[in-house]
Undergrad: 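The structure's right below; bear with me while I get my questions together.
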Amino acid sequence: MGGRTSYKTDCRVHRRHQSSAGGGHQIGQAARGFVLSHQRHFHSAAALRERREDILPLANSFLKRFAAQANRVITGYTPDAAEMLRKFDWPGNVRQLQNEVQRAVLMCEGKQVDVQDLSISAPRVETPEDETNLTLMEAMERNTIVQMLKETGGNKLETAKRLGIGRQTLYNKIKAYGIET
């Protein structure tokens with residue numbers, strides 16, 4: 001919609017005919033009825049992160065299109081790049097995926113898009129033993145909680161009071177940061 005490029009599509013639209021006593025709908029009424037009766041379908045598409053099985057087919061379709069536009073021969077994705085695309089959450093949904101593939105086509109130097117051609121980062125995996133996955137703020141917060149727990153002898157209620165946070169918030173942070181008490 002809104003462009004001048006034609007795309008081949010394969011779809012079916014089903015509409016029950018509802019005739020009125022006056023001999024049927026006018027064209028404007030039929031179009032309005034179609035939109036109103038199908039409006040919920042236009043807005044109910046699930047986020048891409050909830051349809052991970054669609055990510056690679058979409059990415060391959062975009063790759064084919066953008067490689068052709070750039071006159072590049074790119075056959076696909078390396079297994080690591082495909083896995084990274086599949087695991088990424090895509091907060092910008094399909095448009096972000098499309099932009100990422102377009103950028104990757106321009107950055108790719110080989111026959112396949114590799115991890116270094118992608119600008120997205122690998123999904124963050126937090127492990128309690130490894131603080132290197134924490135941001136500076138998170139590491140500081142974790143260390144402050146650990147220190148306060150030591151000062152209060154492990155008393156979580158007192159630790160929460162001294163930190164100015166609720167007890168449940170403290171429990172959530174202890175769990176998130178993997179702090180052993």
Undergrad: Run the side-chain contact (heavy atoms from CB on, under 4.5 Å) test on Tyr77 and Val101 for me, step by step, so that the C-alpha distance in whole Å, both residues' side-chain angles and the decisive distance to 0.1 Å come before the verdict.
TA: CA-CA 10 Å; Tyr77 301 93; Val101 172; 3.5 Å; yes
Undergrad: So do the side chains of Tyr177 and Glu141 get within less than 4.5 Å of each other, counting heavy atoms only?
TA: yes
Undergrad: Given Arg162 and Glu151, is the salt bridge (Lys or Arg N to Asp or Glu O under 4.0 Å) satisfied, shown in steps?
TA: CA-CA 10 Å; Arg162 288 189 187 184; Glu151 288 179 18; 3.7 Å; yes
Undergrad: Could you go through the side-chain contact (heavy atoms from CB on, under 4.5 Å) check for Asn99 and Phe62 one step at a time?
TA: CA-CA 9 Å; Asn99 291 337; Phe62 294 144; over 6 Å; no
Undergrad: Check this for me: does any side-chain nitrogen of one of Asp89 and Arg52 sit under 4.0 Å from a carboxylate oxygen of the other?
TA: yes
Undergrad: Does atom CZ of Arg167 have more than 12 heavy-atom neighbours from other groups under 6.0 Å away?
TA: no
Undergrad: Taking all atoms of both residues into account, what is the closest heavy-atom pair of Ala104 and Leu118, and its distance?
TA: CB-CD2, 3.9 Å
Undergrad: For the residue pair Ala59 and Leu85, what are the closest heavy atoms and their distance?
TA: CB-CD1, 4.1 Å
Undergrad: Quick check: closest heavy atoms across Ile74 and Gly110, and the distance to 0.1 Å?
TA: CG1-O, 4.3 Å
Undergrad: Drop me the distance from Ser61's OG to Leu56's CG, to the nearest 0.5 angstrom.
TA: 12.0 Å
Undergrad: Would you kindly say whether Asn172 and Gln168 are connected by a side-chain donor-acceptor distance under 3.5 Å?
TA: yes
Undergrad: Specify the closest pair of heavy atoms between Val115 and Thr78, including all atoms of both residues, with the distance to one decimal.
TA: N-OG1, 4.3 Å
Undergrad: Side chains of Gln98 and Arg65: closer than 4.5 Å at any heavy-atom pair?
TA: yes
Undergrad: Under 6.0 Å from the CD atom of Glu109, do we count more than 12 heavy atoms belonging to anything else shown?
TA: no
Undergrad: Do the non-hydrogen side-chain atoms of Asn60 and Lys64 ever get within less than 4.5 Å of each other?
TA: no
Undergrad: Assess whether salt bridge (Lys or Arg N to Asp or Glu O under 4.0 Å) is satisfied between Lys87 and Glu83, documenting all intermediate values.
TA: CA-CA 6 Å; Lys87 286 187 175 180; Glu83 187 67 12; 3.4 Å; yes
Undergrad: Is Glu158 salt-bridged to Lys161, going by a charged N under 4.0 Å from an acidic O?
TA: no
Undergrad: Over all heavy atoms of both residues, which pair between Leu63 and Val105 is shortest? Give the atoms and the distance, please.
TA: CD1-CG2, 3.5 Å
Undergrad: Is there a side-chain contact between Glu100 and Gln102, using heavy atoms and a 4.5 Å cut-off?
TA: no
Undergrad: Where do Ile145 and Leu149 land on the side-chain contact (heavy atoms from CB on, under 4.5 Å) test, with the steps shown first?
TA: CA-CA 6 Å; Ile145 292 170; Leu149 282 166; 3.9 Å; yes
Undergrad: Applying the 4.5 Å side-chain criterion to the ILVMFWY set and letting contacts propagate, would Met148 and Ile165 be lumped into a single cluster?
TA: yes
Undergrad: Hey, could you give me the CH2/CG distance between Trp90 and Asp54, rounded to the nearest 0.5 Å?
TA: 13.5 Å
Undergrad: Write down the atom of Gly92, the atom of Gln96, and the distance for their closest heavy-atom approach.
TA: N-OE1, 2.8 Å
Undergrad: Any chance you could measure Leu106, atom CG, to Gln69, atom CD, to the nearest 0.5 Å?
TA: 10.0 Å
Undergrad: Enter the distance from Arg103:CZ to Cys108:SG here, rounded to the nearest 0.5 Å.
TA: 11.5 Å
Undergrad: Nearest 0.5 angstrom please: Asp114 CG to Gln112 CD, how far?
TA: 8.0 Å
Undergrad: Could you state the interatomic distance from NZ (Lys156) to OG1 (Thr159), rounded to the nearest 0.5 Å?
TA: 9.0 Å
Undergrad: Is the backbone N or O of Val113 less than 3.5 Å from a side-chain atom of Asp117, with the two atoms forming a donor-acceptor pair by type?
TA: no
Undergrad: Mind checking whether Leu97 and Asn93 have side chains closer than 4.5 Å, heavy atoms only?
TA: no
